[in-house]
Number of protein chains: 4
Amino acid sequence: MRLFSVKGYKGASIAQIEKAAGLSPGAGGLYRHFESKEAVLAAGISRHLDRLDALRDVRQAMGTLVELDAQLEATARYFLDELDSQTELLQILASEIRQSPALLGAAVNQLIESTYASFAEWLQDAAGPGLDAERARTISTIALGSLLSTRLLRNVLGVTSASVEDDEIISSWVEVVRFLLDR
Amino acid sequence: MRLFSVKGYKGASIAQIEKAAGLSPGAGGLYRHFESKEAVLAAGISRHLDRLDALRDVRQAMGTLVELDAQLEATARYFLDELDSQTELLQILASEIRQSPALLGAAVNQLIESTYASFAEWLQDAAGPGLDAERARTISTIALGSLLSTRLLRNVLGVTSASVEDDEIISSWVEVVRFLLDR
Amino acid sequence: MRLFSVKGYKGASIAQIEKAAGLSPGAGGLYRHFESKEAVLAAGISRHLDRLDALRDVRQAMGTLVELDAQLEATARYFLDELDSQTELLQILASEIRQSPALLGAAVNQLIESTYASFAEWLQDAAGPGLDAERARTISTIALGSLLSTRLLRNVLGVTSASVEDDEIISSWVEVVRFLLDR
Amino acid sequence: MRLFSVKGYKGASIAQIEKAAGLSPGAGGLYRHFESKEAVLAAGISRHLDRLDALRDVRQAMGTLVELDAQLEATARYFLDELDSQTELLQILASEIRQSPALLGAAVNQLIESTYASFAEWLQDAAGPGLDAERARTISTIALGSLLSTRLLRNVLGVTSASVEDDEIISSWVEVVRFLLDR
DNA sequence: AATGAATGAGCTTTCATTCAT
DNA sequence: GATGAATGAAAGCTCATTCAT
């Protein structure tokens with residue numbers, strides 16, 4: 001997966017993968033373990049997805065925190081950390097989604113959709129019955145999106161310049177979510 | 001550029017590019033016009049960048065609008081439209097940045113950095129002297145990031161599920177920026 | 001011919017030849033003047049051969065000299081000079097003779113055979129009736145060959161090391177030819 | 001090496017080499033054994049050079065012969081035979097020396113220089129202290145050159161016409177060397 | 001289970017040659 | 001007479017995949 005993320009699916013040759021796996025490069029030993037190159041990618045994606053169950057429920061980040069601000073801050077940090085730990089997967093998805101939509105489409109949707117939905121649900125719980133589902137969904141999109149964009153820019157698009165500190169982002173982000181909830 | 005964005009740099013063969021350009025595929029006619037395959041990409045990136053001057057100054061979207069809400073809404077719509085019109089470029093950047101950082105690095109930074117900086121400046125103008133540069137930069141990152149993420153998800157990562165309507169996003173986004181400015 | 005001698009027939013492209021001839025490279029302007037690439041080589045060879053009439057008669061080198069030693073020395077110097085001035089042709093012949101034997105075979109034979117024969121005749125004249133044709137031919141081969149080899153080594157095989165001065169060679173060579181004649 | 005000598009380095013395609021080696025032409029199977037086309041030539045040259053140790057010491061040709069004439073005749077025949085057996089190498093050298101001077105330069109010098117030097121040393125031994133090194137070197141150049149030229153003409157330049165029999169050449173050549181030594 | 005070797009297909013690039021302008 | 005452009009063919013080389021050992 002590291003090779004796929006760095007060199008792209010086409011750019012990572014079977015020989016390189018074999019070498020990285022401790023097999024003799026170019027000997028085809030990989031085919032004892034995978035049916036084809038595409039199966040290697042599929043298996044890698046699948047393994048990444050298994051680890052993603054965690055991200056699906058952003059709520060768990062809050063643990064036993066009771067204060068809203070603390071809950072939100074924990075959520076933000078957890079979300080950013082999870083995105084960072086999934087950098088390889090995101091890079092592969094961004095590169096190959098248009099070549100293998102069937103294989104990768106499910107992965108993206110699982111990664112993003114369930115996270116957004118989970119946070120929307122939490123928002124509704126936190127705000128009480130005054131917040132309808134659609135609006136909760138909108139707030140979730142805006143709120144998580146502003147965090148997500150920092151990671152997509154840095155980890156996927158390779159933007160290095162002019163980044164704002166995470167602490168700055170998070171403290172303003174907490175205010176914004178509070179504001180959106182209170183309204 | 002369409003071929004590069006759909007199939008990736010390695011996946012788009014010279015023969016396919018020639019065919020798409022009306023040349024006989026595989027005959028190398030392209031080399032009368034470009035020195036190498038990489039030069040084709042460089043020229044395409046360069047041409048895209050020339051068109052990006054518009055995006056650099058998000059302020060121009062507001063035109064003669066005087067009311068703050070209207071200004072912000074125009075800005076949001078303009079930003080989203082520009083991102084949509086640069087879909088190809090974003091897809092290529094996301095796919096190839098790790099292979100050709102020298103060639104593409106400038107493009108990403110020009111596209112993103114100048115836009116963020118420009119919006120931060122506008123925020124300072126709108127908020128008056130109470131808003132320092134660092135905080136303006138933070139707000140710009142959060143605000144534009146939440147819009148940007150919708151486009152990166154849809155256009156780059158291919159996320160199709162569960163998108164919220166632009167109108168919903170924008171109306172909440174305007175409120176958020178107002179809140180951040182007023183505080 | 002310079003290009004052919006330096007890069008070989010295959011290595012010298014039509015575009016390079018056009019450029020060297022002041023035509024725009026790759027435009028095919030050369031085909032107004034020659035029917036094919038091979039015709040360019042043929043014309044070049046032909047032009048070189050026209051200049052070779054001189055070499056055919058080594059006798060002319062001696063001019064009005066009467067003393068045998070002086071005649072021989074003049075012959076040797078003339079022969080070496082001619083070989084040097086035909087370096088390009090020799091390089092091309094050595095490189096391409098096996099590809100275009102029909103085209104180039106005549107050239108080599110004209111260059112060498114007539115020279116050897118001419119010197120053999122002169123030897124017979126100089127030695128008087130005691131020297132039969134076959135032996136004159138043998139002496140010519142040995143004598144001219146020892147001069148020729150220095151040029152083939154240096155100009156065709158690119159041997160740079162350990163060459164003996166021409167003056168040394170020539171003075172011993174004159175002695176050798178005298179010895180062969182006198183016997 | 002046969003292909004290189006007949007068609008030249010550029011003219012011998014990888015596909016032809018593969019075919020000649022029993023591989024399926026154009027499949028690139030050769031690249032499992034050589035890094036590049038140039039490496040094939042380098043390996044071939046290197047293998048030829050290993051066999052050239054013999055030629056370096058022309059003295060060995062004389063074996064236990066005691067009579068000078070017999071020694072010289074054996075030397076001449078040995079030298080001519082070695083040159084004939086290195087025809088391929090000489091043809092390649094003559095064709096490609098100007099394209100790959102680094103690769104081939106060593107080969108020519110090893111082939112020629114050491115042979116000339118070795119014969120010069122033998123001449124000094126045979127003539128006694130009256131023959132200084134420079135003159136021995138000159139004689140070596142003239143004597144071996146006259147033999148060499150017959151092979152370069154025939155094997156490298158493809159001259160077919162008017163060759164003198166080896167026996168004729170050798171018998172006169174022995175006389176010449178004797179004369180040069182005795183003087 | 002692993003490897004050296006092989007192969008069909010395809011890649012980027014070069015080139016001799018042609019041709020409308 | 002010269003040129004920009006085009007093209008069929010072929011070059012060197014890479015690679016996913018197969019297979020006997």
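So you know, we letter chains A, B, ... as the sequences are listed, proteins then strands, and number each from 1.
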* Asked: What pairs meet the ring pair (Phe, Tyr, Trp, His ring centres under 6.0 Å) rule with one or both residues in residues 23-45 of chain C, with sequence neighbours excluded?
  -> none

* Structure fact -> Heavy atoms of A12(D) and I17(D) approach each other most closely as O-CD1, 4.3 Å

Result block: side-chain N/O donor-acceptor pairs under 3.5 angstrom for residues 23-30 of chain A, not counting sequence neighbours:
none

* Where along residues 33-44 of chain B does a heavy atom fall under 4.0 Å from DNA chain E? -> S36(B), K37(B)

* To do: Return the value, rounded to whole Å, for the distance between atom CG of L30(D) and atom P of dT7(E).
  => 12 Å

* Only pairs at least two apart or in different chains count here, so list each side-chain hydrogen bond (donor to acceptor under 3.5 Å, both in side chains) that has a residue in residues 96-107 of chain A. => E96(A)-Q99(A)

* Counterpart residues, ring-ring contact (aromatic ring centres under 6.0 Å, His included), relative to Y9(C) (two or more places apart) -> F4(C)

* Asked: With a 4.5 Å heavy-atom cut-off, do N155(B) and L90(B) have their side chains touching?
  -> no

* Asked: Want to settle it: does P25(B) or E18(A) sit nearer the 5' end of DNA chain F, counting the closest nucleotide to each?
  -> P25(B)

* Which residues pass the side chain to side chain contact (heavy atoms under 4.5 Å, CB included) test with I97(A), sequence neighbours left out? -> L104(A), V108(A)

* Does anything in residues 6-16 of chain C reach DNA chain E, meaning a heavy atom under 4.0 Å, and if so which residues? -> A12(C), S13(C), I14(C)

* **side chain to side chain contact (heavy atoms under 4.5 Å, CB included) involving A21(A) - partner list, sequence neighbours excluded** => none

* For DNA chain F, the dot-bracket pattern of Watson-Crick and G-U pairs whose distances stay under 3.5 Å, | for other-strand partners -> .||||||||||||||||||||

* **Contacts of R151(A) that satisfy salt bridge (Lys or Arg N to Asp or Glu O under 4.0 Å) - sequence neighbours left out** => D84(A), D166(A)

* Asked: Hey, which of these two, Y31(D) or R32(C), hits DNA chain F nearer its 5' end, going by closest nucleotide?
  -> R32(C)

* Q16(C) side chain to S13(C) main-chain N or O, any donor-acceptor pair under 3.5 Å? -> yes

* **Distance, rounded to the nearest Å, where L23(A) contributes CG and dA1(E) contributes P** => 12 Å

* To do: Output all residues satisfying side chain to side chain donor-acceptor pair (under 3.5 Å) with S85(A), sequence neighbours left out; order by chain, then residue number.
  => none

* **Comparing A27(C) and G29(D) on DNA chain E - which has the more 5′ nearest nucleotide** => G29(D)

